[in-house]
Every structure is written in C-alpha cells, then in structure tokens.
Amino acid sequence: MIKDLLRTDWTRAEIAALFDLPFTDLVFRAGEVHRAHHSSVEVQLCTLLSIKTGGCPEDCGYCSQSAHASTGLKAEKLMDVDAVLAAAAEARAAGSQRFCMGAAWREPKDRDMAAVCDMVAGVKAMGLETCMTLGMLTGDQARALKAAGLDYYNHNIDTSPEHYGDIITTRTFQERLDTLDEVRKAGMAVCCGGIVGMGENRDDRVGFIHALATLPRHPESVPVNALVPIKGTVLGDMLDGEKLIDDIEFVRTVAVARITMPRSMVRLSAGRESMSESTQALCFLAGANSIFTGEKLLTAGNAGGSADAAMFAKLGLKPMEAEEPMRAMVAA
C-alpha cells in the first residue's frame with residue numbers, strides 16, 4: 001500500500017501523457033487523487049520570512065537577491081533571533097501552521113549556524129512547523145538543524161535538468177540533489193519544487209515533475225511557483241513583464257504534480273498575486289492544498305492575509321489543522 005502511494009518509477013512518457021489529457025479529464029483525475037489522501041476543503045497556511053536578504057553570489061536568473069542582478073536591493077545582515085521570533089508569533093496569530101525562513105546564501109557559514117538553530121528552536125517552541133532554506137548544506141549542518149528541531153528543509157530543483165543550465169550556472173543540478181540527500185539522511189522532511197514560466201517548454205515541465213516524482217522518496221512538500229518577472233534580473237529584463245505560461249498550463253502542472261505525488265502537500269506559491277480567484281480555485285480543484293499567506297514572499301509581493309481570508313470564505317475553504325499525510329506515515 002505505502003509502496004503504491006510512493007511510486008517513484010514514473011516515466012517521462014507517462015507524465016507527458018498526463019499533461020496531454022483533456023483539461024477537464026486531467027483536473028477530474030487529480031481531484032480524485034487529492035480526495036483519496038487529503039481533505040478537499042482544508043488548505044495549509046504558511047508564512048515565509050527573509051531572515052537574510054540580498055547579496056547572494058548565485059546567478060539564478062529569476063532572483064532579485066542575486067548579487068548578479070541590478071534590482072537596487074541592498075544586501076542585509078542576518079536578522080536578530082528575537083526579531084525572527086516576533087515575526088513567527090505574528091504568523092501564528094494570523095493562522096499559519098508553518099513558518100518558513102529563507103536566507104540569501106549559497107550555503108550557510110558555520111559561524112551563522114548557532115543563530116540559525118536558535119531561530120529554529122524558538123519557532124518550534126511556539127508550536128509551529130519549522131522550515132528553512134539556506135542554500136546548500138553539509139551533513140554536519142543538516143544534522144545540527146535537525147537537532148534544533150527543524151521539520152522541513154526547502155531546496156528547490158527549479159526546473160528540468162535540461163533547462164537548468166539556462167537559468168543558473170553557479171550551482172549544478174546534481175549539487176541540489178546532493179543537498180536533498182543530506183537533508184534526508186539527517187531525518188528531516190523535504191520541501192522541493194520549482195518555478196514555471198521561465199521560458200521552458202512542455203517537455204521541460206514534464207522533466208521537472210519527473211525529477212521530483214522519481215526521487216527516492218517524494219518531497220513532503222512541493223511548491224509550484226509561477227515566475228514573478230522582476231526588473232533587473234536576467235529573466236525579468238528578458239521578458240519585460242511578459243507572462244510565458246498561461247493559466248491553464250499552470251493548472252495542468254499543479255494537477256500532474258498531484259497525480260504523481262499523491263500524498264505530498266502541493267503548494268501554490270509565488271505568482272499568486274497576479275492570479276485571479278478563478279485560477280486559484282482551479283488550482284485547489286486540481287490538488288493544491290498549501291499556500292504562502294501574508295503580504296510578502298521574501299522580496300516579492302503576495303496576495304495578503306485579508307485577501308486570502310475573503311477568497312477562502314467565497315470558496316468554502318478553511319485553514320488546515322491536521323498533520324500532513326506523508327509526515328504521519330511510517331517511512332517505507
């Protein structure tokens with residue numbers, strides 16, 4: 001039973017066939033899979049805080065925090081622990097279940113680990129799920145974060161292996177997989193997804209889902225982001241505000257992620273601020289059951305808590321309270 005739920009032998013041909021289904025058939029199938037493993041009316045609320053902004057040496061073409069970008073964003077130091085905990089308390093009061101902390105690093109320095117671990121321990125003590133994204137990790141760093149109480153580590157693969165080199169040159173696709181392996185070996189849950197609308201084609205979206213769905217264990221959380229083109233970044237300047245993926249194709253990507261990774265939380269992430277309520281509703285129908293709420297995602301704008309509450313009321317949705325299915329499972 002568990003083996004079937006965690007099937008990791010999907011072929012690209014099978015995933016391509018899912019993408020090619022008539023849209024209504026695909027969404028219906030994804031909805032059936034979703035309802036077999038998740039509540040149809042509960043959506044997990046997560047909050048994301050940038051604990052160290054700007055100055056990252058990586059050249060990710062989508063990122064305003066890259067030192068290679070010309071966005072005018074100034075590099076800042078790591079936030080004080082108390083300031084991070086105050087933000088976490090606000091997120092909890094607003095209904096968030098998970099508090100995610102992101103630092104614009106290629107990898108954390110050992111000198112920063114004590115403060116980072118204090119943040120994790122403090123947020124965990126509030127009863128929130130904890131998640132961090134700090135770049136690449138060594139085994140010792142992963143174990144230190146686990147010991148501090150970190151539940152999830154986020155490290156996105158971003159896109160397909162074939163398209164990856166067109167977006168990033170300072171870190172390889174394999175290095176991302178190596179960090180995921182260290183996270184798993186340390187005993188933490190994995191949050192791993194990517195971004196669509198970066199000039200990739202349908203084959204790349206197939207490859208992106210295939211890379212996630214054939215990991216040794218599916219990520220417990222799969223964020224699906226729509227590119228937010230920011231002026232001063234490589235992709236933002238190249239696209240000049242043009243949207244390279246339509247809403248139906250975005251929903252298809254969400255639906256295929258749900259079908260191939262049945263028990264994962266599929267998070268509707270960056271790009272929601274430009275989506276209509278109807279598009280977001282289609283994403284929920286297709287199996288998305290987690291969102292970032294609040295006014296900002298790292299440095300990009302977000303829909304905001306009041307807008308999300310109004311949308312939830314209109315759609316009859318409610319914040320999730322139960323534990324995620326994959327975290328409640330015994331590891332196979």
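The basis for the numbers below is simple: all heavy atoms, side chains too, and nothing from hydrogens, waters or symmetry mates.
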Notebook entry, point to check: What about Leu26 and Leu285, same hydrophobic cluster or not, with Ile/Leu/Val/Met/Phe/Trp/Tyr joined at side-chain heavy-atom distances under 4.5 Å?
Noted result: no
Notebook entry, point to check: Under a 4.5 Å side-chain heavy-atom rule over Ile, Leu, Val, Met, Phe, Trp and Tyr, are Val190 and Met136 clustered together?
Noted result: no
Next item on the list: Compare every heavy atom of Val33 with every heavy atom of Arg258, then report the nearest pair and how far apart it is.
Entry: O-CG1, 3.7 Å
Check: How far apart are the C-alpha atoms of Phe284 and Val43, what are their side-chain angles, what is the distance that settles it, and do they pass the side chain to side chain contact (heavy atoms under 4.5 Å, CB included) test?
Finding: CA-CA 8 Å; Phe284 296 135; Val43 176; 4.1 Å; yes
Note to self: Can you tell whether the side chains of Arg29 and Glu32 come within less than 4.0 Å, N to carboxylate O?
What the structure shows: no
Item checked: Atom of Pro262, atom of His37 and distance for their closest heavy-atom approach -> CB-CD2, 3.6 Å
Item checked: Audit row: Glu321, Lys318, salt bridge (Lys or Arg N to Asp or Glu O under 4.0 Å) steps and yes/no -> CA-CA 9 Å; Glu321 296 182 359; Lys318 60 183 180 180; over 6 Å; no
Checklist line | Lys/Arg-Asp/Glu bridge criterion (N-O < 4.0 Å) met for Arg7, Asp9 | finding: yes
Note to self: Are Tyr153 and Leu78 connected into the same hydrophobic cluster when the rule is that any two of I, L, V, M, F, W, Y join if their side-chain heavy atoms are below 4.5 Å apart?
What the structure shows: yes
Next item on the list: Treating Ile, Leu, Val, Met, Phe, Trp and Tyr as nodes and any side-chain heavy-atom pair under 4.5 angstrom as an edge, say whether Met132 and Ile157 lie in one connected cluster.
Entry: yes
Note to self: Using a strict threshold of under 4.0 Å (side-chain N to carboxylate O), is an ion pair present between Lys52 and Asp112?
What the structure shows: no
Note to self: Counting only heavy atoms not in Phe28 (residues, nucleotides, ligands), do more than 12 fall under 6.0 Å from its CZ?
What the structure shows: no
Next item on the list: Using the six-membered ring of Trp10, assess whether NZ or CZ of Arg12 lies under 6.0 Å from its centre and within 45 degrees of the ring axis.
Entry: no
Notebook entry, point to check: How far apart are the closest heavy atoms of Leu137 and Leu145, and which atoms are they?
Noted result: CD1-CD1, 3.9 Å
Item checked: side chain to side chain contact (heavy atoms under 4.5 Å, CB included) partner of Leu212, the single match among Thr260, Val224, Val222 -> Val222
Note to self: Is there a path of hydrophobic side-chain contacts, each under 4.5 Å between heavy atoms of I/L/V/M/F/W/Y residues, joining Val27 to Ile248?
What the structure shows: yes
Check: Which pair of heavy atoms, one from Ser264 and one from Asn289, lies closest together, and at what distance?
Finding: O-OD1, 4.4 Å
Check: Are His155 and Val183 close enough that some pair of their side-chain heavy atoms sits under 4.5 Å apart?
Finding: no
Checklist line | Residues that Thr179 engages under side chain to side chain donor-acceptor pair (under 3.5 Å), provided they are two or more places apart | finding: none
Check: If you look at every heavy atom in Ile195 and Met198, which pair is closest and at what distance?
Finding: O-CE, 3.6 Å
Note to self: For Glu249, is there an ion pair with Arg205 - N to carboxylate O distance below 4.0 angstrom?
What the structure shows: yes
Margin query: Within the 4.5 Å heavy-atom criterion, are Val234 and His68 side-chain neighbours or not?
Written below: no
Checklist line | Face-on cation placement of Arg92 at Phe99 ring, 6.0 Å and 45° thresholds | finding: no
Notebook entry, point to check: Hey, are Arg184 and Asp181 close enough for a salt bridge, meaning a charged N less than 4.0 Å from a carboxylate O?
Noted result: no
Check: Under 6.0 Å from the six-membered ring centre of Phe19 and within 45° of its axis: does the NZ or CZ of Arg202 meet both?
Finding: no
Item checked: Between CZ on residue Arg98 and OG on residue Ser290, distance to nearest 0.5 Å -> 6.0 Å
Check: Can Glu129 and Gln44 be said to form a side chain to side chain contact (heavy atoms under 4.5 Å, CB included), step by step?
Finding: CA-CA 11 Å; Glu129 286 184 350; Gln44 182 188 57; 3.6 Å; yes
Next item on the list: Give a yes-or-no answer on whether the side chains of Ser66 and Asp59 include a donor-acceptor pair shorter than 3.5 Å.
Entry: no
Next item on the list: For the pair Asp151 and Lys124, evaluate side chain to side chain contact (heavy atoms under 4.5 Å, CB included) and give the outcome as yes or no after the intermediate values.
Entry: CA-CA 9 Å; Asp151 298 305; Lys124 183 73 171 176; 2.7 Å; yes
Item checked: Step-by-step side chain to side chain contact (heavy atoms under 4.5 Å, CB included) determination, Asn225 to Asn156 -> CA-CA 10 Å; Asn225 299 271; Asn156 291 336; 4.3 Å; yes
Note to self: I'd like to check the salt bridge (Lys or Arg N to Asp or Glu O under 4.0 Å) partners of Glu58; sequence neighbours left out, ordered by chain and number.
What the structure shows: Arg106, Arg171
